[in-house]
Q: 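There's a structure below that I have some questions on.
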Amino acid sequence: GKMEEGKAYSPDGVFAHLEMLEARAHEAAVKQEATEQQEEKLARLKARVQELRLQRDELRAKVDLQQKGQLGKEGVVSDLAQPSARAVLEWKIKNIKATLQIFYLTGISGKLTKRGVCFCISTAYEGTYLDSYYLDLLTKPEVQIHRHSVPIFIPLEQIAKKYLQTDIRRFLSVLSDHLNAYVGRRYQADQLQEHFSDQIEGPLQRNSLCNLLVFNYNVSSRSKTFPFNVRLLYGDPCGSLPTEVIVSCTPDAPASLAETAAAHSDLFRRVALHKAFRSFSGTEES
Amino acid sequence: MDETVAEYIRRTVLKIPRDEIKTMLQKWGFLSETQLQTINFHQIKENISQDVVQLCEENSADIKQAAVLDIIYNHIYPNKRVWSVYQMNKTGEETEFFDLTDFKKKFKRRLRSALKNVTINFREYEDNAIWIRIAWGTPYTKPNQYKTSYVVYHSQTPYVFVSASVLKSNLPLLCQALVVASNYHDIREMELRSHSLNSLKDIVFKRYSQNFQTYCPRPLQERNVAPESADLRIIQENRHEKERIQRVNREVFGDGPQPQLEFAQYKLETMFKSDSKMDVLDKKEPFRCMVKFSSPHLLESLKSLAPAGMADAPLSPLLTCIPQKARNYFKIREKKSLFPGSFMKIIFKDHYRAWGRRDSWNIDVSKKFPSSFSGY
């Protein structure tokens, strides 16, 4: 701003000038506050990153400890000296919740109960979390299953007979494999029925374990549609891809379709069922 | 169209509540949409059924198609029948690849090889349930469509749900066919019976709510906390006890709805224990007694006993073990019985009290000297 000539000593002039200076100072102050806040925020985030890194290292150490054969409730180690008891408690609770969330996300988590331990197996398939299954185990006089929510068609008794007494980790791991594979197969079949029902002719024959699927689907070639029949057998109870695939077409189908059938057969063996069908709709004619 | 088929269809339609007839016929799919539109579904059922029979005549319905309508009716109203549960066993450990076509073929072949005069129908549902309807005849008579047995089987499970109806003599044959078709070795009847098919499934498939202790970070369900009365002059004297009862109840019964059973029966073969003053029996014989608990919804009644102040919590394990042991028929013997303590300790504060319109609580304690033990 320029001092207006001739108005230096008029009240308006001075006040106007002062006002302007005030405004400028205010602007500058606001700007500085903003930058200070930014820096503060940055510092806070950096501190948070440090905190999380510390937490991560702590958890890593605990996982290592656990892998050396220690099962049980993990204690929370708090070595941050906080002034108030309440703040300590809140920090502990937050820490425990985060640890438990992590264990839950790994798929197998447990909680000690009065007479033993209760395990939760959470299943997932390619990033989608699916059902959780529970096992209430007693530890005395020997390890035994008290109650559970595992579906009846999963061979729980067989797996328990093999591993429960001798190697509980293996037991949980094998059971988890069975359950994850089952929900994976079921998820694929459900997705197929939900999103590609227009390509499927007639009923989709499946069973409780979803380890045998038989159905007909349409394949178009040269603007005509031909029905293909496919039989998918999932031989490995811990696998979610079929071990045997038979794709066949009707006898009157053109010879070129035999190649298509072979290609589809190969695709079903390698790729999830609904993804295979998605790729069919993607490509125009095969 | 056969007269017997026409009559059968007519009677089946008459069973259906009037508002449901159209939907069920649509599910059946035997009559076309245009044909269905010619029927006035607001007239009396007698006339509706006549119209339906007329249209079926046009389409030349046979007994197989009529049977499908019967399956659909029973699938929607399964609780009109009493269902028993059978358990199958096998020794092999290989993974089962249940093939539906194979199952149906083996079942039909086995049944027909022993008895030619049977009508067999299958229908599959979304939840992997296979419904089998069997109308039984004799070596000399055609199948009687009004004497049917129903079987519900979920593939790759060892449980079969059977509603046998009258002809018990055909049960062994039915069991044999099931075992052969599903690749099991033997089958036995469980001590579990109810009208509610879904509840039986919930019990044996363990689909009922069990309270598992976990750290799963689910949001805690809102507990039914009664709002504290605004009037500070009202104090809950028994609040601690009430809370304890709620907690114990939740641990035993879980949070969700209970499977629906209509009764639990306990046959006591125990010695009557009394002090010498009440010398009821001169000879120390087992006091043969049968206790039967009946209720429209037995497990919910048991669950509400303690909170209602009618019994102490925790309840006797003989009552609370019903879903877990998957049985509602028990035999309690001296010392060798399932539970320590050879007689039930159920303390009822007020016997023979019925409450509410929904639940009636009848305790039928009758002395019965059984002449024969059949089945158990």
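Quick note on labels: first sequence line is chain A, next is B, and so on, each numbered from 1. Quick note: numbers below take in every heavy atom, side chains included, and nothing from hydrogens, waters or symmetry partners. What you see is a predicted model, and the numbers here were worked out from it, not measured in a lab.
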Q: Using a cut-off of 6.0 Å, state whether more than 12 heavy atoms not belonging to A:Glu157 lie near its atom CD.
A: no
Q: For A:Arg56, does the CZ atom sit with more than 12 other heavy atoms under 6.0 Å from it, leaving out its own atoms?
A: yes
Q: Checking heavy atoms, do the side chain of A:His178, its backbone, both or neither come under 4.5 Å from chain B?
A: neither
Q: Counting only heavy atoms not in B:His185, do more than 12 sit closer than 6.0 Å to its NE2 atom?
A: yes
Q: Might you confirm whether atom CD of B:Glu126 has over 12 heavy atoms from other residues, nucleotides or ligands at distances under 6.0 Å?
A: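 Atom CD in B:Glu126 is not crowded, with 12 or fewer foreign heavy atoms closer than 6.0 Å.
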Q: Is it the case that more than 12 heavy atoms not belonging to A:Lys161 sit under 6.0 Å from its NZ atom?
A: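 No, the 6.0 Å shell around NZ holds no more than 12 heavy atoms from other groups.
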Q: What's the spacing between B:Asp99 CG and A:Asn211 CG if we round to 0.5 Å?
A: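 Those atoms lie 10.5 Å apart.
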Q: Heavy atoms only: give me the nearest A:His146-B:Gln324 pair and the separation to one decimal.
A: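 Answer, listing the atom of A:His146 first, then B:Gln324: O-NE2, 3.3 Å.
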Q: Quick check: closest heavy atoms across A:Leu209 and B:Gln156, and the distance to 0.1 Å?
A: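 Nearest heavy atoms, A:Leu209 then B:Gln156: N-OE1, 2.7 Å.
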Q: For A:Ile152 and B:Pro158, work out which heavy atoms get closest and say how close.
A: CG1-CD, 3.7 Å
Q: What are the two closest non-hydrogen atoms of B:Ser155 and A:Ser208, and how far apart are they?
A: O-OG, 2.6 Å
Q: Provide the closest heavy-atom pair for B:Glu251 versus A:Lys114 in the form atom of the first, atom of the second, distance.
A: OE1-NZ, 4.3 Å
Q: Which region of B:Glu96, side chain (C-beta onward) or backbone (N, CA, C, O), has a non-hydrogen atom less than 4.5 Å from a non-hydrogen atom of chain A, or is it both or neither?
A: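 For B:Glu96, the backbone is the part near chain A, not the side chain.
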Q: Where does B:Tyr208 contact chain A at under 4.5 Å (heavy atoms): side chain, backbone, both or neither?
A: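 Contact with chain A: none, neither part.
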Q: Does atom NZ (A:Lys94) have a neighbourhood of more than 12 heavy atoms from anything else shown, all under 6.0 Å?
A: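 Check fails, neighbour count at 12 or below.
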Q: Rounded to the nearest 0.5 Å, how far apart are CD of B:Glu124 and CD of A:Gln205?
A: 8.0 Å
Q: Under the 3.5 angstrom rule, does the side chain of A:Asn207 hit a backbone N or O of B:Phe98 as a donor-acceptor pair?
A: yes
Q: Measure across B:Phe97 and A:Tyr234 and return the closest heavy-atom pair with its distance rounded to 0.1 Å.
A: CE2-O, 3.2 Å
Q: Just wondering, are more than 12 heavy atoms of other shown residues or ligands nearer than 6.0 Å to CZ in B:Arg188?
A: yes
Q: Does a sphere of radius 6.0 Å around NZ in B:Lys106 hold more than 12 heavy atoms from other residues, nucleotides or ligands, not counting ones at 6.0 Å or beyond?
A: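 Atom NZ in B:Lys106 is packed in, count exceeds 12.
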